[in-house]
Amino acid sequence: QVQLIESGGGLVQAGGSLRLSCAASGRAFSSYAMGWFRQAPGSEREFVAALRWPGNRTVYADSTKGRVTISGDNAKNTVYLQMNSLKAEDTAVYYCAARKNYCSGSGCGDLQGYDYWGQGTQVTVSS
């Protein structure tokens, strides 16, 4: 059974930073990409960023590009999301996800393509 465990969420003031972490575990777990999505109250879950292998290629949503950085280690099944210059509209539950199939470009932002999901971690930005 594959598990994705997120950590690092919390309450931060506008303009501040947070770093989210996600670790995957499970027998024979492997993925072609791991990503972050978020869901604010009353809104649909939306793509934030993804890191795909091989090549450690990154993909970002336009809404967060320039303020977030995704990184990780395929061998360790971990992915991180560094978020800077946070705004009140970044408030959401952030989910880590992993996919077994290859993706490229904007295709890595399709949540339907992800096979495994974490439980989510709350990020609240106060203005």
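Position 1 is the first residue of the sequence; numbering continues from there. Side-chain atoms are counted along with the backbone in the values below, which use heavy atoms only and exclude waters and symmetry mates. As the structure is a computational prediction, the values presented were derived from the model and not from experiment.
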Enquirer: At their closest point, which heavy atom of Trp36 faces which heavy atom of Ser21, and how far apart are they?
Expert: CH2-O, 3.6 Å

Enquirer: Minimum heavy-atom separation for Ala40 to Ala92, with atom names?
Expert: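 Residues Ala40 and Ala92, closest heavy atoms: N-CB, 3.8 Å.
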
Enquirer: Evaluate the side-chain proximity of Arg67 to Met83: yes if any heavy-atom separation is below 4.5 Å, no if none is.
Expert: no

Enquirer: Decide whether Ile70 and Trp117 are clustered together by the hydrophobic rule: side chain heavy atoms of Ile, Leu, Val, Met, Phe, Trp, Tyr closer than 4.5 Å, transitively.
Expert: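 No; Trp117 is not reachable from Ile70 via cluster members.
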
Enquirer: Rounded at 0.5 Å granularity, tell me how far OH in Tyr32 sits from NZ in Lys100.
Expert: 12.0 Å

Enquirer: Keeping the roles fixed (side chain from Gln3, backbone from Gly26), state whether a donor-acceptor pair exists under 3.5 Å.
Expert: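 Checking the backbone N and O of Gly26 against the side chain of Gln3, no donor-acceptor pair under 3.5 Å is found.
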
Enquirer: Atom OG in Ser127, atom CD in Glu89: separation rounded to 0.5 Å?
Expert: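 One finds 9.5 Å between OG of Ser127 and CD of Glu89.
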
Enquirer: Specify the closest pair of heavy atoms between Ser17 and Asn84, including all atoms of both residues, with the distance to one decimal.
Expert: OG-OD1, 2.9 Å

Enquirer: If hydrophobic clusters are built by linking Ile, Leu, Val, Met, Phe, Trp and Tyr wherever their side-chain heavy atoms come under 4.5 Å apart, do Leu20 and Tyr60 end up in the same one?
Expert: yes

Enquirer: Is any side-chain heavy atom of Val123 closer than 4.5 Å to a side-chain heavy atom of Arg38?
Expert: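 In short, these two side chains do not touch, never coming nearer than 4.5 Å.
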
Enquirer: Rounded to the nearest 0.5 Å, what separates atom OG in Ser25 from atom CG in Asn77?
Expert: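 Between atom OG of Ser25 and atom CG of Asn77 there are 8.5 Å.
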
Enquirer: Under 4.5 Å between side-chain heavy atoms, counting indirect links through other Ile/Leu/Val/Met/Phe/Trp/Tyr residues: same cluster for Leu86 and Val93 or not?
Expert: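 Unlinked, Leu86 and Val93 end up in two clusters.
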
Enquirer: Would a distance-only check, ignoring hydrogens and angles, find a side-chain to backbone donor-acceptor pair under 3.5 Å from Thr91 to Val125?
Expert: yes

Enquirer: Under a 3.5 Å distance rule, please check whether Glu6 uses its side chain to pair with a backbone N or O of Cys22 as donor and acceptor.
Expert: no

Enquirer: Is there a side-chain contact between Ser126 and Gln13, using heavy atoms and a 4.5 Å cut-off?
Expert: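 Side chain of Ser126 against side chain of Gln13, heavy atoms only: contact under 4.5 Å found.
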
Enquirer: Output the distance between atom OH (Tyr114) and atom CZ (Arg45), rounded to the nearest 0.5 Å.
Expert: 12.5 Å

Enquirer: Minimum heavy-atom separation for Tyr80 to Gly72, with atom names?
Expert: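 Smallest heavy-atom distance, with atoms named: CD1-CA, 4.1 Å.
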
Enquirer: For Cys108 and Phe47, work out which heavy atoms get closest and say how close.
Expert: O-CE1, 3.7 Å

Enquirer: Could you tell me whether the side chain of Tyr102 and the main chain of Ala33 form a donor-acceptor pair under 3.5 Å?
Expert: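 No.
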
Enquirer: Side chain of Asp90, backbone of Lys87: donor and acceptor closer than 3.5 Å?
Expert: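 Checking the backbone N and O of Lys87 against the side chain of Asp90, a donor-acceptor pair under 3.5 Å is found.
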
Enquirer: Rounded to the nearest 0.5 Å, how far apart are SG of Cys96 and CD of Gln119?
Expert: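 Answer rounded to 0.5 Å: 11.5 Å.
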
Enquirer: Is any side-chain heavy atom of Leu51 less than 4.5 Å from a side-chain heavy atom of Met34?
Expert: no

Enquirer: Is the shortest heavy-atom distance from the side chain of Leu4 to the side chain of Tyr95 under 4.5 Å?
Expert: no

Enquirer: Working to the nearest 0.5 Å, report the span between CH2 of Trp53 and CG of Asn74.
Expert: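 Reported value, rounded in 0.5 Å steps: 4.5 Å.
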
